[in-house]
Amino acid sequence: MTDIRVRFAPSPTGYLHIGGLRTALFNWLFARGRHGTFILRIEDTDRDRSTEEAIQAILEGLTWAGLDWDEGPYRQTERLALYRQAAMDLLHSGHAYWCICSPEDLEARRKEAQAKGEPVKYDGRCRNRGILSPDQPAALRFKSPQEGQIIFDDLIKGTIAFDSAVLDDLIILRSNGYPTYNFSVVVDDALMRISHVIRGDDHVNNTPRQIPIFQALGYPIPQFAHLPMILGADKTRLSKRHGATSVLAYRDMGYMPEALVNYLVRLGWSHGDQEIFSRQEMIELFDFKHVQKAPAVFNPDKLRWMNAHYLRTSDPKRVAALLEPLLRKAGYDDHDFARIPGGIEALIPPLRERSETLLDFVSGAEPYLRETITLDETAARKYLTPAIVPSLKKFAERLEAAPAFTKEELERIVHSVLEEDGLKLSKLAQPLRVALTGRTVSPGIYEVMQLLGKRRTIERIRRGIAFAQTVASPGQRTETSDG
RNA sequence: GUCCCCAUCGUCUAGUCUGGCUUAGGACGCCGGCCUUUCAAGCCGGUAACACGGGUUCAAAUCCCGUUGGGGACGCCA
């Protein structure tokens with residue numbers, strides 16, 4: 001059995017996007033599940049569009065997602081001598097030839113062919129010119145086979161056949177000496193002994209052009225697995241038009257990497273009815289047999305649901321670790337974190353039932369992180385009324401005198417007030433909630449009080465009482481009345 | 001236009017290879033209910049699909065052909 005060696009080979013012309021992450025994930029899963037090697041290779045042979053920032057963004061995205069690589073990152077621009085050597089070998093063995101057609105000429109001919117409805121391919125006019133040492137800018141072209149068929153068995157799509165007649169002689173070395181994609185991939189996949197080429201199915205058409213190059217170079221042909229594309233809601237290829245497609249943008253929007261990865265693994269792959277997969281399960285269960293052949297539409301709603309699920313079921317420590325940088329980014333610091341008995345971690349259980357993203361935690365945590373709050377006007381007017389003041393007062397007094405600040409004790413006090421004042425819990429809970437958080441929506445009031453601590457709990461109730469009394473004064477009433 | 005690939009609820013999908021077990025299952029979303037201290041979460045129920053037309057067969061979502069529709073590729077980009 002040959003070693004499993006796979007690679008993820010992004011071109012650093014932009015950020016790492018959702019589709020790229022999924023391709024990387026499937027490669028990684030395949031390698032990890034078969035004791036294989038996962039190689040990272042940066043395809044930066046396009047000098048004009050490749051950037052260092054993009055490389056960093058790709059590495060950062062993969063790392064965030066938890067996809068670690070065993071070899072690399074290799075950079076093709078550091079391997080140029082290898083491609084040139086291979087190209088010269090091809091020239092000398094008669095598999096390649098110099099072409100002096102200018103890019104402008106080629107472009108013009110392409111347009112003409114397109115307009116006439118003729119096949120758009122290089123006409124091979126330099127093929128028999130036998131140029132040995134060009135004295136003008138020249139590109140090296142590969143002699144593609146002209147007859148027969150090129151057939152390969154795709155692990156996902158099955159047997160795919162192309163007539164060699166549709167192939168033209170592709171350029172393998174640009175006139176600037178840089179290799180082109182179709183050539184450098186083959187050389188690297190061959191040299192790196194890649195056993196399985198797992199990539200997006202936008203590369204299906206490149207495969208019959210690459211296979212003859214493997215053969216001409218004298219290397220074995222790897223297995224191919226072409227993943228279907230990810231589409232946007234309008235069924236066109238996922239792009240910026242569909243909103244956020246950058247992996248790092250999802251991190252910044254408060255998504256957990258395990259949620260994104262789980263969502264992505266189910267986009268095109270399945271294992272019966274199972275939706276939730278641990279890292280280990282994915283590794284063990286992933287196979288090409290259950291990879292879909294048709295493209296899949298990216299569904300942000302399901303991703304959100306998945307994220308909410310992970311938020312609710314993950315270890316609070318884990319969630320807290322991911323949340324902290326977002327809180328800091330929002331302007332909070334250690335001083336704020338220290339206000340909460342139990343720190344950031346204590347926020348997780350109460351808030352996670354109400355959060356779909358970590359950003360929801362950021363806004364939900366505000367009342368507990370700050371020393372004081374601003375009351376929501378509408379909520380305060382509605383619930384902090386003179387009628388509830390006596391009960392609030394009674395509650396605050398008893399709380400102050402209470403021997404402990406446990407949930408049981410809080411519950412006991414609340415119920416004693418309820419009973420004496422003949423109130424239903426909801427009648428007291430909502431005013432308390434508004435006084436304590438400034439809002440109508442929050443975790444349970446006992447949890448809220450625990451997050452606030454005794455001092456802030458009492459202070460906020462007193463402020464709530466003050467508000468209710470201010471509103472009760474005749475002047476205020478007139479002022480705020482809308483008739 | 002040429003070439004390649006694909007086709008189950010709105011979306012992700014099970015089932016298709018190895019036809020009958022399917023009144024086509026699950027998930028997201030949506031709708032309703034329960035629970036309830038607000039909002040959620042959770043639980044229960046509902047909504048909704050085999051693109052179409054021909055074959056083959058006792059029997060087809062499952063096999064074959066065609067049509068239609070969709071995606072991808074046609075660069076000295078990757």
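In summary, the side chains of Thr23(A) and Arg199(A) do not present any donor paired with an acceptor at a separation below 3.5 Å, with no hydrogens or angles considered. For the residue pair Thr357(A) / Asn307(A), no side-chain donor-acceptor distance below 3.5 Å is found, with atom types taken as modelled.
In this structure, Arg237(A) does not reach the rG71(B) phosphate: none of its side-chain N or O atoms is under 4.0 Å from OP1 or OP2.
The side chain of Val441(A) lies closest to rC39(B) when the candidates are rC4(B), rC39(B), rC17(B).
With both ends at atom C1', the span from rC65(B) to rA60(B) equals 15 Å, rounded to whole Å. rU16(B) and rU8(B) have their C1' atoms separated by 10 Å, given to the nearest Å.
Contact annotation for Leu267(A): backbone-only contact, meaning every heavy-atom pair under 4.0 Å involves sugar-phosphate atoms and none involves a base. Nucleic acid contact for Asp201(A): sugar-phosphate only, since backbone atoms but no base atoms lie under 4.0 Å from a heavy atom of the residue. At the heavy-atom level, Pro10(A) lies nowhere under 4.0 Å from the strands shown. Among the atoms of the strands shown, base atoms are found under 4.0 Å from some heavy atom of Glu275(A). If you check every strand for non-hydrogen atoms under 4.0 Å, Ser270(A) touches sugar and phosphate atoms only.
Pair assignment for rA51(B): rU67(B), on the basis of Watson-Crick or G-U wobble contacts that are both within less than 3.5 Å.
A donor and an acceptor atom never sit less than 3.5 Å apart when one is taken from the side chain of Gln274(A) and the other from the base of rG26(B). For a distance-only test at 3.5 Å, the side chain of Arg433(A) qualifies as a donor-acceptor partner of the base of rU37(B). Residue Ser175(A) places a side-chain atom within donor-acceptor reach of the base of rC76(B), judged by atom type and a 3.5 Å distance cut-off alone.
With contacts defined as side-chain heavy-atom distances shorter than 4.5 Å, the pair Tyr383(A)/Leu432(A) does not qualify.
Note that CD1 of Ile171(A) is 4.0 Å distant from CZ of Arg141(A), once rounded to the nearest 0.5 Å.
Here rU11(B) presents its P atom at 19 Å from CH2 of Trp305(A), a figure rounded to the nearest Å.
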Output one line per pair: protein atom, nucleotide atom from nucleotides 44-52 of chain B, and distance, for all N/O pairs under 3.5 Å.
none

